[in-house]
> 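Got a structure here, written out as structure tokens. Questions coming.
In what follows, chains carry the letters A, B, and so on, assigned in the order in which the sequence lines appear, proteins first and then strands, with residues in each chain numbered from 1. Computed over heavy atoms, backbone and side chain alike; hydrogens, waters and symmetry mates excluded.
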Amino acid sequence: MSPLDISASLGHVWQNVFYVLTGVAFGFALERAGFGNARNLAAQFYLKDMRVLKVMFTAIITAMLLIFWANLFGLLDARALFINPTHLWPGILGGLIFGIGFVVGGYCPGTALVSLATLKIDGMLFVLGLAIGMFLFGESIDAMRVFWDTAGNFGELTLPEVLGLGTEWVVFAVVLMALAMFWGAERVEQYFARKNKGEN
Amino acid sequence: MNKTSPYMNPYLAGVMLGVVLFASFVLFGHGLGASGGVAKIAGAAIDLVTPAHTENSSYLVSLLRSSDNPLDTWLVFEILGVIIGGLISGLLAGRVRLETLRGPHISVRTRWIFAVLGGIITGYGVRLARGCTSSQALSGGAVLSAGSWAFMFAVFAGAYAMAYFVRKLWN
């Protein structure tokens, strides 16, 4: 039964080795997907290349389905997994700010690290900016501590709980939504490909 | 010479990323992270320069003083791996080159300024939202956290709303 407790069975050092290896696989996948290049990421927001949406939602539904099935067959205890606590308003406000930074700078934190790893100067500078932005947050947090801690603080809250539906139905709906988005993404790309052809 | 390979099919890359994400849940009980490691390293660097300032900052105290060594955390080990993995993939594809990636109509200097600026805005948002596209959107998304889904749609909304105003950077 997983999740495993590597620290208890193999020790702290081995656990860190596994974290590095997981990171290697993560960074490898991001670079393969083309996410080390800010132009590929920014193109998402001009509807020219929907790579970001396709990779993200394929990854989410793949992991979600594997977790759901592994739990169903008793291989993984889904209740033991970390579920990000819901701080609704700081999350939404932070997400909006994050999105603005994403299209201005061309990266998010993980993709900037991959860009940096492949010697892109813009990726290195974005990571420098991240560090500055985090510092500025640290300097200003005391002024909005109450908002940050309490606004829309629902603790551990899942979509099945919000919607009052069984997990299996929400999983099914998320897969359907992703497939609809993929269909739409392909149509949008075809439209822009035709339009660009017409212009040339 | 130096031929660059094409990128992977996005759906295949997504499956690969999803399997890595699932493996993380099985191995450790939680998903992937990227911004947390950057926060730890950035915080430790500030602490090195001005240790006195750390004690006056509730943010830095909780970031750095909760353990003996703030860098001995999975967040840091994972991003070391991310850099190694990105480098391996880049080398195999012939994409490792010292260069500045930018839109076709802006100068290198302009791109540099906006890369730092975008990083600052993203870094602020990431801490406010308690996570990034990896730790919130991907990881929280896969375990159906309501807040993570709200964050994810907010990211897309913010980016699409801003895209028009910075279109000259990319087009």
> Could you point out which residue of B:V15, B:N9, B:L12 forms a side-chain contact (heavy atoms from CB on, under 4.5 Å) with A:T58?
B:V15
> If hydrophobic clusters are built from ILVMFWY residues whose side chains come within less than 4.5 Å, do A:L116 and B:I84 share one?
no
> I need the residue from B:L128, B:L17, B:V20, B:L138 with the largest number of non-hydrogen atom pairs under 4.5 Å to chain A.
B:L128
> Between B:A163 and A:V103, which heavy-atom pair has the shortest distance, and what is it?
CA-CG2, 4.0 Å
> Measure the NZ-CG distance between A:K48 and B:N171 for me, rounded to the nearest 0.5 Å.
3.5 Å
> So which residues of residues 173-184 of chain A are in contact with chain B at a heavy-atom cut-off of under 4.5 Å?
A:V174, A:M177, A:F182
> So for B:A39, is it side chain, backbone, both, or neither that comes closer than 4.5 Å to the heavy atoms of chain A?
both
> Do A:T86 and B:W149 pass the side chain to side chain contact (heavy atoms under 4.5 Å, CB included) test, and can you show the C-alpha distance, the side-chain angles, and the key distance before you say yes or no?
CA-CA 10 Å; A:T86 292; B:W149 279 87; over 6 Å; no
> Measuring heavy-atom distances to chain A, does B:S57 have an atom under 4.5 Å in its side chain, in its backbone, in both, or in neither?
side chain
> Between B:L144 and chain A, which part of the residue has a heavy atom less than 4.5 Å away: side chain, backbone, both or neither?
both
> Hey, is the main chain of B:R102 close enough, under 3.5 Å, to the side chain of A:R39 for a donor-acceptor pair?
yes
> Has the side chain of B:Y59 got a donor or acceptor atom that lies under 3.5 Å from a matching backbone atom of A:E139?
no
> How long is the span from the CE atom in B:M152 to the CZ atom in A:F57, to the nearest 0.5 Å?
5.0 Å
> Let me check something: any side-chain donor-acceptor pairs from residues 120-132 of chain A under 3.5 Å, sequence neighbours excluded? List them with distances.
unit_1 : atom_1 : unit_2 : atom_2 : d
A:K120 : NZ     : A:T118 : O      : 3.4
A:K120 : NZ     : B:R95  : O      : 2.6
A:K120 : NZ     : B:R97  : O      : 3.4
A:K120 : NZ     : B:E99  : OE2    : 2.6
A:D122 : OD1    : B:L101 : N      : 3.1
A:D122 : OD2    : A:Y107 : OH     : 2.8
A:D122 : OD2    : B:R111 : NH2    : 2.9

> Hydrophobic clustering (ILVMFWY, side-chain heavy atoms < 4.5 Å, transitive) - are B:M8 and B:L91 grouped together?
no
> Run the numbers on B:F28 and A:Y19 for ring pair (Phe, Tyr, Trp, His ring centres under 6.0 Å), then give the verdict.
CA-CA 9 Å; B:F28 315 116; A:Y19 273 122; 3.8 Å; yes
> What verdict does the side chain to side chain contact (heavy atoms under 4.5 Å, CB included) test give for B:Y7 and A:N37, after you've listed the backbone C-alpha separation in whole Å, the side-chain angles of each residue and the deciding distance to 0.1 Å?
CA-CA 11 Å; B:Y7 298 116; A:N37 186 333; 3.5 Å; yes
> Do B:F156 and A:Q44 have side chains that approach each other closer than 4.5 Å (heavy atoms only, starting at C-beta)?
yes
> Decide whether B:V38 and A:V24 are clustered together by the hydrophobic rule: side chain heavy atoms of Ile, Leu, Val, Met, Phe, Trp, Tyr closer than 4.5 Å, transitively.
no
> Could you state the interatomic distance from NE2 (A:H87) to CZ (B:R130), rounded to the nearest 0.5 Å?
3.5 Å
> Taking all heavy atoms of B:G86 and all of A:A117, pick out the closest pair and write down the distance.
C-CB, 4.3 Å
> As an exercise, state the distance from CG of B:L80 to CG of A:N16, rounded to the nearest 0.5 Å.
10.0 Å
> Counting only non-hydrogen atoms closer than 4.5 Å, can you tell me which residues of residues 92-100 of chain A sit against chain B?
A:I92, A:L93, A:G94, A:G95, A:L96, A:I97, A:F98, A:G99, A:I100
> Assess whether side chain to side chain contact (heavy atoms under 4.5 Å, CB included) is satisfied between A:L76 and B:F22, documenting all intermediate values.
CA-CA 11 Å; A:L76 174 72; B:F22 173 68; 4.1 Å; yes
> Is a donor on one side and an acceptor on the other found under 3.5 Å between the side chain of B:W170 and the backbone of A:G106?
no
> Could you check B:V126 against A:F137 for side chain to side chain contact (heavy atoms under 4.5 Å, CB included), going step by step and ending with a plain yes or no?
CA-CA 9 Å; B:V126 94; A:F137 174 78; over 6 Å; no
> Apply side-chain contact (heavy atoms from CB on, under 4.5 Å) to A:E161 and list each qualifying residue two or more places apart in sequence or on a separate chain.
A:L157, A:T158
> Could you pull out the closest heavy-atom pair between A:I83 and B:S145, with the gap in Å?
CG2-CB, 3.8 Å
> Quick one: of A:A80, A:A38, A:A43, who has the most non-hydrogen atom pairs under 4.5 Å with chain B?
A:A38
> With side chains defined as the heavy atoms from C-beta onward, is the minimum distance between A:F28 and B:L92 less than 4.5 Å?
yes
> Using a cut-off of under 4.5 Å for heavy-atom pairs, which of A:M134, A:M64, A:M50 has the most such pairs with chain B?
A:M134
> For chain B, find which of A:L136, A:I141, A:L88 contributes the most heavy-atom pairs closer than 4.5 angstrom.
A:L136
> Would you find more than 12 non-hydrogen atoms of other residues, nucleotides or ligands less than 6.0 Å from A:R187 atom CZ?
no
> Could you tell me how the ring of B:H53 sits relative to the ring of A:F135: parallel (under 30°), tilted (30 to 60°) or perpendicular (over 60°)?
tilted
> Looking at A:S2, A:G27, A:A70, A:A25, which one has more heavy-atom pairs under 4.5 Å with chain B than the rest?
A:G27
> Counting distance only, does the side-chain N/O of A:N84 pair as donor-acceptor with the main-chain N or O of B:S135 below 3.5 Å?
yes
> Would you say B:I88 ends up clustered with B:I83 if hydrophobic residues are merged whenever their side chains have heavy atoms under 4.5 Å apart, either directly or through other cluster members?
no
> For each of B:G37, B:G158, B:G147, tally heavy-atom pairs with chain A at distances under 4.5 Å, and name the one with the top tally.
B:G158
> At a heavy-atom distance under 4.5 Å, which candidate from A:Y46, A:F154, A:W89 has the highest pair count against chain B?
A:Y46
> Any idea which of B:P10, B:G90, B:A13 has the most non-hydrogen atom pairs under 4.5 angstrom with chain A?
B:P10
> Between CG of B:L21 and CZ of A:F26, what distance do you get to the nearest 0.5 Å?
8.5 Å
> So how far is it from A:L113 CG to B:L87 CG, rounded to the nearest 0.5 Å?
12.5 Å
> Does B:M162 share a hydrophobic cluster with B:Y164, counting links as ILVMFWY side-chain heavy atoms below 4.5 Å and allowing steps through other members?
yes
> Output the option from B:I41, B:I113, B:L117, B:V166 having the highest count of non-hydrogen pairs under 4.5 Å with chain A.
B:V166
> For A:N40, which atoms come within 4.5 Å of any heavy atom of chain B: side chain, backbone, both, or neither?
side chain
> Output the option from B:V96, B:I121, B:V155 having the highest count of non-hydrogen pairs under 4.5 Å with chain A.
B:V155
> What option among B:S35, B:S24, B:A42 has the most heavy-atom pairs under 4.5 Å with chain A?
B:S35
> Looking only at non-hydrogen atoms, find the nearest pair between B:A137 and A:M56 and report the distance.
CB-CE, 3.7 Å
> Among A:F102, A:F45, A:F82, which has the most heavy-atom pairs under 4.5 Å with chain B?
A:F45
